[in-house]
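Any value given below was found using the heavy atoms of this structure, including those in side chains, with hydrogens, waters and symmetry copies removed. Chain letters run A, B, ... following the sequence lines, proteins first and then strands; every chain starts at 1.
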There are 2 protein chains.
Amino acid sequence: MVRIVAVSLSDIAERAGVSVKTVSGALHGGSARMSDDTRQKVKAIAEELGYVTNLAARGVRQGWLPLVGVVSDGLITSPFATEIVRGLDGAARSAGMAVFAVNHRSGQSIGSVLDEVQQFRPRAVAYAAMYHKDVALPDRLAGAVGVMINCREAAGRVTALVPDEEGGAREIVRYLLVAGRRRIAFINLPGILAGTLREMGFRAALEEAGIDHLGVFPAVRRSVYSDRAPSLVASHVEALLKSGQRPDAILCGNDRVAMEVYAALARAGLRIPDDIAVASFDNQVEIASRLDPPLTTMALPHRAMGRLAMEILLAEQPEPPHLRKLPFHLVERASV
Amino acid sequence: MVRIVAVSLSDIAERAGVSVKTVSGALHGGSARMSDDTRQKVKAIAEELGYVTNLAARGVRQGWLPLVGVVSDGLITSPFATEIVRGLDGAARSAGMAVFAVNHRSGQSIGSVLDEVQQFRPRAVAYAAMYHKDVALPDRLAGAVGVMINCREAAGRVTALVPDEEGGAREIVRYLLVAGRRRIAFINLPGILAGTLREMGFRAALEEAGIDHLGVFPAVRRSVYSDRAPSLVASHVEALLKSGQRPDAILCGNDRVAMEVYAALARAGLRIPDDIAVASFDNQVEIASRLDPPLTTMALPHRAMGRLAMEILLAEQPEPPHLRKLPFHLVERASV
DNA sequence: CTGAAAGCGCTTACAG
DNA sequence: CTGAAAGCGCTTACAG
């Protein structure tokens with residue numbers, strides 16, 4: 001492609017008959033003292049010449065580029081990841097930073113991606129995971145990562161921002177109880193941290209209310225949850241409906257599981273929420289709001305994690321590493 | 001966060017007792033001539049010191065950073081956008097470039113985002129749209145954008161890569177015809193370029209086969225398609241089923257529309273594909289593969305657009321601006 | 001209020 | 001085969 005030779009401060013200086021330092025001050029140094037005349041003249045010439053700041057040059061001087069690197073496992077692919085980036089991006093821009101997202105490709109070590117990012121001399125670096133898990137950072141790089149998003153650094157050396165899975169599960173169960181539901185089953189995502197923690201919350205909330213649950217069932221056969229694994233959802237629902245105690249509410253591991261529960265319930269001729277309530281986790285809007293009836297679901301705090309991450313990264317006073325659990329929020333629709 | 005002072009080439013040079021130029025040659029100049037001894041020694045010291053190339057410094061020298069800027073309307077949010085980035089990213093990495101994605105926020109002019117990106121002196125810049133449309137680039141910036149992805153530059157000044165909507169519609173209709181379907185209706189996305197072009201393909205394919213269609217209906221009321229607009233899908237399906245000529249196939253504007261068609265058909269007690277076939281556009285995997293039965297749908301060439309875009313951006317010989325339509329591909333599942 | 005110069009960390013002619 | 005120097009476009013003490 002055609003490359004127009006970029007105009008530099010010295011081009012402007014020459015044209016304005018002033019020094020480069022004066023131009024720099026006029027354009028970027030908000031508080032630099034000079035006559036208003038000079039400043040206006042310089043600005044006008046810069047505009048006329050189509051000057052665009054060269055951040056690389058400033059960067060080599062300052063030692064860093066106004067970038068916040070975000071390295072994530074797998075491509076920033078899910079709607080959730082997008083929310084994280086949205087949160088980061090908003091906060092970054094107000095600080096004059098841009099978000100530079102780099103993904104590690106399968107087979108690539110986390111260390112090599114981190115190195116790749118460091119080459120650009122970002123101001124700070126975050127690590128973000130697609131789903132809530134533990135991540136082991138190589139020793140030499142633990143210090144280079146300022147915050148973990150949606151994951152915990154295995155050795156606890158880095159501040160981590162994660163969803164409060166247990167609290168979220170508690171909240172949705174309480175909501176079902178308030179709605180008068182008493183026979184509740186949970187079709188959970190097996191083999192992942194979120195599933196384990198939510199199950200704890202689920203059990204705790206029911207115990208607290210003195211109510212027995214109808215069981216916790218795995219959505220798929222594989223021990224680690226994966227969309228590719230054969231689904232067990234339909235058979236669980238059928239078994240549940242045939243059992244002595246028919247549930248009056250089914251809590252689902254995510255909205256896709258809920259989608260299958262809806263289908264199984266429709267096949268059985270049951271109406272939601274009249275015959276049976278359905279609730280879930282994720283708030284994957286495209287699914288949840290399109291389901292009939294629209295799905296009541298717990299939204300993950302992805303945007304908040306992103307926003308808070310940027311605050312931590314850009315903070316003047318670094319805090320000691322800690323784990324911060326952010327609350328889900330309930331999105332009420334019509335399935336309960 | 002703690003910042004370790006970065007090690008520079010001169011640190012290595014000092015330690016190795018050679019000049020900076022030798023270090024630079026040993027580390028980065030693949031073909032630079034020097035004794036193997038020197039090269040090995042320099043590399044070992046670089047490793048030991050944890051040297052990381054300073055791309056900002058190299059960039060100020062070369063005039064550009066090894067970045068390909070991608071500016072898009074709205075956040076890289078949809079699964080489709082992700083595929084574009086995936087395509088770009090793969091091609092970029094093989095060329096030693098990183099993808100730098102910047103979105104324009106609502107209210108921000110396209111010119112100002114482009115300027116923002118230019119500050120980083122990227123090697124090349126692409127513009128990507130969330131959905132197929134025409135985009136007007138400001139005159140002064142048309143030359144700065146090397147390729148349009150999923151959109152056409154309004155004045156045709158920039159090479160544009162778009163899905164072959166008309167061809168895709170033709171192909172899926174032919175597929176329905178081969179499957180023996182003869183009474184086909186189309187619930188289309190109104191008011192967007194993709195919808196208009198697909199409708200042309202739909203009509204052409206049926207005309208070519210000498211078959212009448214059962215009508216083209218808008219999925220939503222609003223003239224511009226939006227997920228927020230009230231859906232008309234269910235009522236179209238009901239009307240279609242009640243009409244004299246019941247359809248044996250419904251083509252849907254996208255997978256979310258298909259999802260609603262499934263629901264309406266289920267309510268009517270009709271089986272897919274035995275009673276009626278359903279096909280669609282998008283291949284939004286989370287929906288299409290989760291539907292029961294899994295949905296046959298035309299996948300958009302997003303990844304291919306991304307890959308090809310990078311080739312165009314990085315090409316030695318720039319081509320004159322042209323419009324390139326990339327083919328959809330059929331994802332056969334079980335709904336036809 | 002403004003200028004001349006040094007220096008950030010690289011790469012690239014130019015010498016030897 | 002290797003070095004010393006210039007220069008990329010900035011910003012920041014240091015002078016005046």
Side-chain angles (χ1 to χ4, degrees), chain A residues 3-43 45-46 49-67 96 115 118-123, chain B residues 3-43 45-46 49-67 96 115 118-123:
Chain A
R3 270 211 108 51
I4 292 92
V5 176
V7 1
S8 68
L9 290 190
S10 67
D11 295 331
I12 301 173
E14 195 180 349
R15 182 95 158 235
V18 298
S19 74
V20 171
K21 113 106 210 186
T22 303
V23 177
S24 174
L27 262 27
H28 306 305
S31 59
R33 293 191 178 177
M34 69 186 59
S35 73
D36 253 15
D37 258 18
T38 312
R39 188 184 294 273
Q40 292 315 324
K41 185 165 122 197
V42 168
K43 282 193 171 174
I45 295 179
L49 261 35
Y51 175 73
V52 179
T53 308
N54 185 331
L55 256 18
R58 182 184 292 172
V60 60
R61 186 74 234 275
Q62 322 238 76
W64 47 266
L65 251 19
L67 288 172
D115 281 339
Q118 296 289 6
Q119 297 193 330
F120 287 96
R121 297 292 189 271
R123 192 69 213 275
Chain B
R3 271 211 107 53
I4 292 94
V5 176
V7 0
S8 68
L9 290 190
S10 68
D11 295 329
I12 301 174
E14 193 180 351
R15 182 95 159 234
V18 299
S19 75
V20 170
K21 113 106 210 187
T22 303
V23 177
S24 175
L27 260 28
H28 306 304
S31 60
R33 293 190 178 176
M34 69 185 62
S35 73
D36 253 15
D37 257 17
T38 312
R39 188 184 296 273
Q40 291 316 324
K41 186 164 121 196
V42 168
K43 282 192 172 174
I45 295 177
L49 261 36
Y51 175 72
V52 178
T53 308
N54 184 332
L55 257 17
R58 183 184 291 171
V60 61
R61 185 75 234 275
Q62 322 239 74
W64 47 266
L65 251 19
L67 289 172
D115 281 338
Q118 296 290 5
Q119 299 193 328
F120 287 96
R121 297 292 189 269
R123 192 68 213 276

Open item on the list: Output the rounded distance in Å from CG (A:Leu27) to P (D:dG9).
Closed with: 15 Å

TODO: Rounded to the nearest angstrom, tell me the gap between atom CH2 in B:Trp64 and atom C1' in D:dG9.
DONE: 17 Å

TODO: Report the distance from atom CG of B:Leu9 to atom P of C:dT12, rounded to the nearest whole Å.
DONE: 12 Å

- [ ] Decide yes or no for B:Phe120 and A:Leu67: does some side-chain heavy atom of the first lie under 4.5 Å from some side-chain heavy atom of the second?
- [x] yes

Open item on the list: Donor-acceptor check, side chain of A:Arg121 to backbone of B:Thr53, threshold 3.5 angstrom: yes or no?
Closed with: yes

Task: Distance below 4.0 Å between B:Ser24 side-chain N/O and C:dC10 OP1 or OP2 - done: no

Open item on the list: Between B:Leu55 and B:Pro66, is there a side-chain heavy-atom distance shorter than 4.5 Å?
Closed with: yes

Task: Gap between atoms CG and P, on A:Asp37 and C:dC1 respectively (whole Å) - done: 11 Å

- [ ] Please examine the side chains of A:Ile45 and A:Tyr51, heavy atoms only from C-beta on, and report whether any two atoms are closer than 4.5 Å.
- [x] no

- [ ] To the nearest Å, give me how far apart CG (A:Leu65) and P (D:dC10) are.
- [x] 13 Å

Open item on the list: I need the minimum non-hydrogen distance between A:Ala56 and B:Gly59, along with the two atoms involved.
Closed with: CB-C, 4.5 Å

Between protein and nucleotides 2-6 of chain D, what N or O pairs are separated by less than 3.5 Å?
{"from": "D:dT2", "atom 1": "OP1", "to": "B:Thr38", "atom 2": "OG1", "distance (Å)": "3.0"}
{"from": "D:dT2", "atom 1": "OP2", "to": "B:Ser35", "atom 2": "N", "distance (Å)": "3.1"}
{"from": "D:dG3", "atom 1": "OP2", "to": "B:Ser19", "atom 2": "N", "distance (Å)": "2.9"}
{"from": "D:dG3", "atom 1": "OP2", "to": "B:Ser19", "atom 2": "OG", "distance (Å)": "3.1"}
{"from": "D:dG3", "atom 1": "OP2", "to": "B:Thr22", "atom 2": "OG1", "distance (Å)": "2.7"}

Task: Watson-Crick or G-U counterpart of D:dA4, or none if no pair lies under 3.5 Å - done: none

Task: NZ-OG1 distance between B:Lys41 and B:Thr22, expressed to the nearest 0.5 angstrom - done: 10.5 Å

TODO: Would you indicate whether the side-chain heavy atoms of B:Leu65 and B:Arg123 approach each other to under 4.5 Å?
DONE: no

Open item on the list: In whole Å, I'd like the distance from the CZ atom of B:Arg58 to the C1' atom of C:dT11.
Closed with: 9 Å

Open item on the list: Distance check needed: C:dG9 C1' versus B:Leu49 CG, whole Å only.
Closed with: 15 Å

Task: Nearest-Å distance for atom pair CD/P, residues A:Gln62 and C:dG9 - done: 13 Å

Open item on the list: Looking at D:dA13, which nucleotide sits across from it as a Watson-Crick or G-U wobble partner, both distances under 3.5 angstrom, or is there none?
Closed with: none

